[in-house]
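A quick write-up on the structure given underneath.
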Amino acid sequence: MRKLLLMNLLLFSFTCVRAQTMREVTSPDGNIRLIAQISDRLRYSVYFKNLLIVSPSEIDMTLSDGRKLSDGLSKPQFSERSRNETIISPVPEKRTRIPNRYKGLKITFPNGFAVIFRVYDDGVAYRISTSFPGSITVRSETAAFRFPVNHPVYFPEVPPQSNIDIYHTSFEEPYTIKPLEQIHAKNLLFSPVLIASKDSPKIGITESDLEDYPGMFLSGNAEKALFGHFAPYPAEETETKELYSTRYVSKRADFLAKTKGTRVFPWRVLLIAPEDKDLPGNDLVYRLASPSRVSDVSWIKPGKATDEWIITSNIFNVPFKSGINTATYKYYIDFAKRFGFERIMMDAGWSDNNDLFKINPDINMDEIMAYAKSKGIGVSMWTLALTLDKQLEPALEQFSKWGVDFIMTDFINRDDQKAVQFYFKIAEACARHKIMLMFHGAFKPAGFNRTFPHAIAREAVLGSEYNMWSAKATPDHNVLLAFIRMLAGPLDYEPGMLNNATPKGFHPMPENVMSLTTRTQQLAMFVVYESPIQFFAGNPSQGMQEPAFMELLGSIPTVWDTTRILDARLGDYVVTARKKGNDWYIGALNDSTARELVIPLDFLPEGDFQAVICEDGANADRYPADYRLSETVLTSKSTLMLKLAPGGGFMARLRRQ
């Protein structure tokens, strides 16, 4: 009897301990479950409709003084919360009204660490928090992502460089596809990456709300897993002296970050997509980011702009010598006015790259600014990040005097703690001067565009400029961007190339740059890719010869009330519909295989829509600049037949009658 009583007592004790060391959180729709388990380590696992999709994966953090999250796992305290609200986006890349529904769990440990989990209908996220007095130094973080199957992974990898360490990159690489077990510690991936299961939801891995901490790379160890990897803190920095001077890290410390002792760390995010078409429309990263720190956003004006850098100002049919000069920029202003663009960009070369106050002698800034103002066109300026950092306040004051409302800053090429701090410094300064901002040579947005709505987009993409020197911007790559890169926020691809070639006829040709796509795919990118500032990178002199095409391009908005992904298959094609006011815009991108798609328009409200359609021409497979413009009336009962050439596209504007 005593033995039986003892056994029952032990069983009761084991059950109580187990109940205290495991907690489950379920998404609002009930499809996703996250289980947090505390034993020797803190681990989490994820299920979709009772199918294990993320195996138990470790979470940990170690400080330089030896304190460690996993050393204080006894006597955890649990608190739960749920949220059902609507975020109103002041600069809506996907939609103006963003439902924010989740269930959350916070586990607080007695040693000053805590972990916060959130479970949404379309993903899960967690972050570490600390509550120590003063400051702390983070030596390492463990962020594991383990999977039950050796899934294929789509990822961009940092290429090794001979003269600087692996953590320097422009974050512009093509996608590689490998099984998880073929990714090793030597492979340094930057996010987002995509776990592409064939029999379960696809999972995008990235981060959000990155502040005062290095960005997360990923690597493997020949297991069915990926692991967070972080650039160590810059102990010493060296400046290069060249055309595009940069500040690179010449010596790394043995820790990741020096930071406040009481804070939250970035979200580790897993976006979960049961269907391929669930990926391009996912805005979980935005929802997780810190709310706007800009109280007055009335001065933030999205729109389209020209940029002359890719074609090196090589305009023609003009009575003056083209180049980086006053006459050329006035021509760009006339072009912008003619086709409904809001501004032009004055890219590299308007000043000495290393001194923003040493103006190119071929440029009369007062004349350009006065001419732009007379036409109602804004002027934007390119800057070198290192130079802007040194001349920040006087430069911004000068830009304001000129009436410049938007700047780009370029060649950062890092995401260690000091580089991340630079982004905040520049964004805060630009907000004070009411100047919009875009980063090039930059890591992914990671929700920064919610916290600073005027930081309106970011590069972090292998885009049109690569046509100048390579064949990397393939149709297959272009399609993948909508499924992977766009998970992290808006991108600056800079579409609109008007010279178009087949793989057989393509070759990199500076000053007369061509794309590896049809003309229609270049047009459709303005709808499919998200960027509140869309740059037209084609040659305006060609555009002047095709006014109907350019008028259609110029009519495309850059911010949207609603987005619907009508059809999509990873790496093959994507069809996106976006609404602005009463009008709908439909864009499709295709990979290198010709195909036909049938797209019902049953999402439209009742009534007639006057449609202007641009589709691949009959000979676009051999002459990719071939396109066909037509007009018709469509209703919710209509069906679109998309005939997509290799590397092709489709674009339609539907205006309510």
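The chain is numbered in sequence order, starting from 1.
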Run the salt-bridge test on [X] and [Y] with the 4.0 Å N-O cut-off and return the result as yes or no.
X	Y	result
Arg578	Glu530	yes
Glu275	Lys202	no
Asp405	Arg343	yes
Glu172	Lys472	no
Asp283	Lys94	no
Asp591	Arg595	yes

Hey, is the main chain of [Y] close enough, under 3.5 Å, to the side chain of [X] for a donor-acceptor pair?
X	Y	value
Thr169	Phe171	yes
Asn187	His184	yes
Glu207	Met216	yes
Ser191	Thr206	no
Arg485	Pro490	yes
Thr518	Asp616	no
Glu631	Val612	no
Asn619	Arg622	no
Arg564	Ala577	no
Arg628	Cys614	no

Set out, in order, the CA-CA distance, both residues' side-chain angles and the distance that settles side-chain contact (heavy atoms from CB on, under 4.5 Å) for Thr639 and Ile599, then state yes or no.
CA-CA 6 Å; Thr639 299; Ile599 305 297; 5.8 Å; no
Check whether the side chains of [X] and [Y] place a donor and an acceptor atom closer than 3.5 Å, and report yes or no.
X	Y	answer
Gln521	Asn590	no
Asn150	Gln182	no
Ser515	Asn467	no
Tyr573	Asp567	yes
Thr176	Glu157	no
Glu93	Asn449	yes
Thr383	Thr409	yes
Asp476	Ser592	yes

message: Walk me through whether Lys301 and Glu342 qualify under side-chain contact (heavy atoms from CB on, under 4.5 Å).
response: CA-CA 9 Å; Lys301 304 294 185 184; Glu342 286 76 16; over 6 Å; no
Validation row, ring centre [X] to ring centre [Y] under 6.0 Å:
X	Y	result
Tyr585	Trp560	yes
Tyr154	Tyr175	no
His229	Tyr167	yes

Rounded to the nearest 0.5 Å, the OG1 atom of Thr246 sits from the CD atom of Glu242 at a distance of 5.5 Å
Passes side-chain hydrogen bond (donor to acceptor under 3.5 Å, both in side chains), Asp492 versus Ser531? Steps please. CA-CA 6 Å; Asp492 184 41; Ser531 179; 4.7 Å; no
Applying salt bridge (Lys or Arg N to Asp or Glu O under 4.0 Å) to Lys304 and not counting sequence neighbours gives none
So Val91 and His454, side-chain contact (heavy atoms from CB on, under 4.5 Å) or not? Walk me through it. CA-CA 8 Å; Val91 186; His454 64 296; over 6 Å; no
- Message: Are Thr328 and Ile315 packed together at the side-chain level, in the sense that at least one heavy-atom pair is separated by less than 4.5 angstrom?
- Response: yes
Under a 4.5 Å cut-off applied to non-hydrogen side-chain atoms, are Thr326 and Lys330 in contact? yes
Please table the atom pairs, donor to acceptor, closer than 3.5 Å between any side-chain atom in residues 534-541 and protein atoms at least two apart or in another chain.
unit_1: Gln534; atom_1: NE2; unit_2: Tyr529; atom_2: O; d: 3.1
unit_1: Asn539; atom_1: OD1; unit_2: Ser541; atom_2: N; d: 2.9
unit_1: Asn539; atom_1: ND2; unit_2: Asn314; atom_2: O; d: 2.8
unit_1: Ser541; atom_1: OG; unit_2: Phe316; atom_2: N; d: 2.9
unit_1: Ser541; atom_1: OG; unit_2: Phe316; atom_2: O; d: 3.0
unit_1: Ser541; atom_1: OG; unit_2: Tyr331; atom_2: OH; d: 3.2

Whether Phe411 and Trp382 hold their rings parallel, tilted or perpendicular, with breakpoints at 30° and 60°
perpendicular
| message | Does the plane of the ring in Phe443 sit parallel, tilted or perpendicular to the ring in Tyr423? Use 30° and 60° as the thresholds. | response | tilted
Neighbour count above 12 (heavy atom, 6.0 Å) for [X] [atom1]:
X	atom1	result
Lys580	NZ	yes
Tyr371	OH	yes
Asp199	CG	no

Between Pro280 and the options Val528, Ile565, Val575, the side chain to side chain contact (heavy atoms under 4.5 Å, CB included) test singles out Ile565
query: Just checking, Arg655 and Phe609: is the charged tip under 6.0 Å from the six-membered ring centre and within 45° of the axis?
result: no
- Task: Verify salt bridge (Lys or Arg N to Asp or Glu O under 4.0 Å) between Arg569 and Asp276, making sure each step is shown before the conclusion.
- Result: CA-CA 6 Å; Arg569 191 163 66 205; Asp276 289 1; over 6 Å; no
